[in-house]
Amino acid sequence: PAVVEMRGITKVYRSGGGARVVEVQALRGIDLTIEQGEYVAIMGPSGSGKSTLMHLIGLLDSPTSGSYKLGGVETSGLSEVELAKIRNQRIGFVFQAFFLLPKLTALHNVALPLVYRGVGLAERLRRSKAALEAVGLGDRLDHRPSELSGGQKQRVAIARALVQEPDILLADEPTGNLDSKSAEEILALFDLLHQEGKTVIMVTHEPDVGARAQRIIRLRDGLIVGTVGEAA
Ligand code: ADP
Ligand code: ADP
């Protein structure tokens, strides 16, 4: 089944006021279907609309017009509260900058989203340990971020995304802050997650990184201008 179904999605940013309103057409009519279990890279030059599309897929922002079904649920017209609920259930985010809390151990960083969901302590620790083992960090549970390499920090961030069992892992330039060896660790992990059936969507401007995906979606001036690879 499709996890992401977009039809005629547009996004217009308006800034300024009065006679000085400036409008930017960041997305100009996106039709995009992503099936469950696909591994997709969104690529394109700076300003082509990658971040905007990523924010819309992740329900961090709403489109100006068009239809977006996430996991079969139409999201247009939903309130902020309803969108946040769907976002927390279905999307695991991974960012270039990790966003780990420095004073917490790897285990407690991963457990944090479960605190907000009301999962009890023993269950939180059990699931967080399993998530860290799944990303190859079973021997780093009690390390703080400052005691981990860049690649290990990003793996903690991926474990934190996975611990909520999201439908989609949404990664924005996940290797942008990493040296090539650490980047390779992360890409190998994405390969593994894809093999296990996870849906992975990443934004990258690095051709070598994008080439690891099963399908590359190319954006230019707010439109999809090409797709490389198989639609699953
Ligand atoms: P990319 O991620 O490919 O660099 P973006 O989605 O960030 O592209 O931006 C697409 C276009 O929308 C650009 O012209 C950018 O300047 C504009 N834009 C993005 N965010 C905003 C915003 N919050 N307000 C106004 N314009 C924006
Ligand atoms: P990213 O690394 O995700 O592309 P940037 O550092 O380029 O993000 O931009 C930071 C934020 O500013 C993004 O959320 C982007 O959408 C927004 N932005 C980009 N261009 C503009 C703009 N012209 N006016 C206002 N906000 C913008």
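Whatever order the structure lists ligands and atoms in, that order sets their numbers, starting from 1.
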Task: salt bridge (charged side-chain N to carboxylate O under 4.0 Å, His left out) between Asp61 and Lys11, worked out - done: CA-CA 10 Å; Asp61 199 359; Lys11 180 68 181 181; 3.3 Å; yes
Run the numbers for me: atoms of ligand 1, each under 4.0 Å from some heavy atom of [X], listed by number.
X: Gly49; result: 1 (P), 3 (O), 5 (P), 6 (O), 8 (O), 10 (C)
X: Lys50; result: 1 (P), 2 (O), 3 (O), 4 (O), 6 (O), 8 (O)
X: Pro45; result: 3 (O)

- [ ] Record the part of Val24 in heavy-atom contact with ligand 1 below 4.0 Å; permitted values are side chain, backbone, both and neither.
- [x]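 Near ligand 1, Val24 shows its side chain, while the N, CA, C and O stay back.
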TODO: Between Gly16, Ser51, Gly47, flag the one that comes closest to atom 4 (O) of ligand 1 by a heavy atom.
DONE: Gly47
- [ ] Using atom types as modelled and distance alone, determine if a side-chain donor or acceptor of Thr64 lies under 3.5 Å from a backbone N or O of Val12.
- [x] yes
- [ ] Among Lys69, Glu5, Arg7, Glu38, find the residue that satisfies the side chain to side chain donor-acceptor pair (under 3.5 Å) test when tested with Thr33.
- [x]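 Considering Lys69, Glu5, Arg7, Glu38, a side chain to side chain donor-acceptor pair (under 3.5 Å) with Thr33 is found only for Arg7.
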Task: Polar contact flag, side-chain donor to acceptor under 3.5 angstrom, Ser76-Glu74 - done: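 Glu74 and Ser76 do have a side-chain donor-acceptor pair below 3.5 Å.
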- [ ] Verify salt bridge (charged side-chain N to carboxylate O under 4.0 Å, His left out) between Lys153 and Glu147, making sure each step is shown before the conclusion.
- [x] CA-CA 9 Å; Lys153 279 186 259 209; Glu147 298 165 332; over 6 Å; no
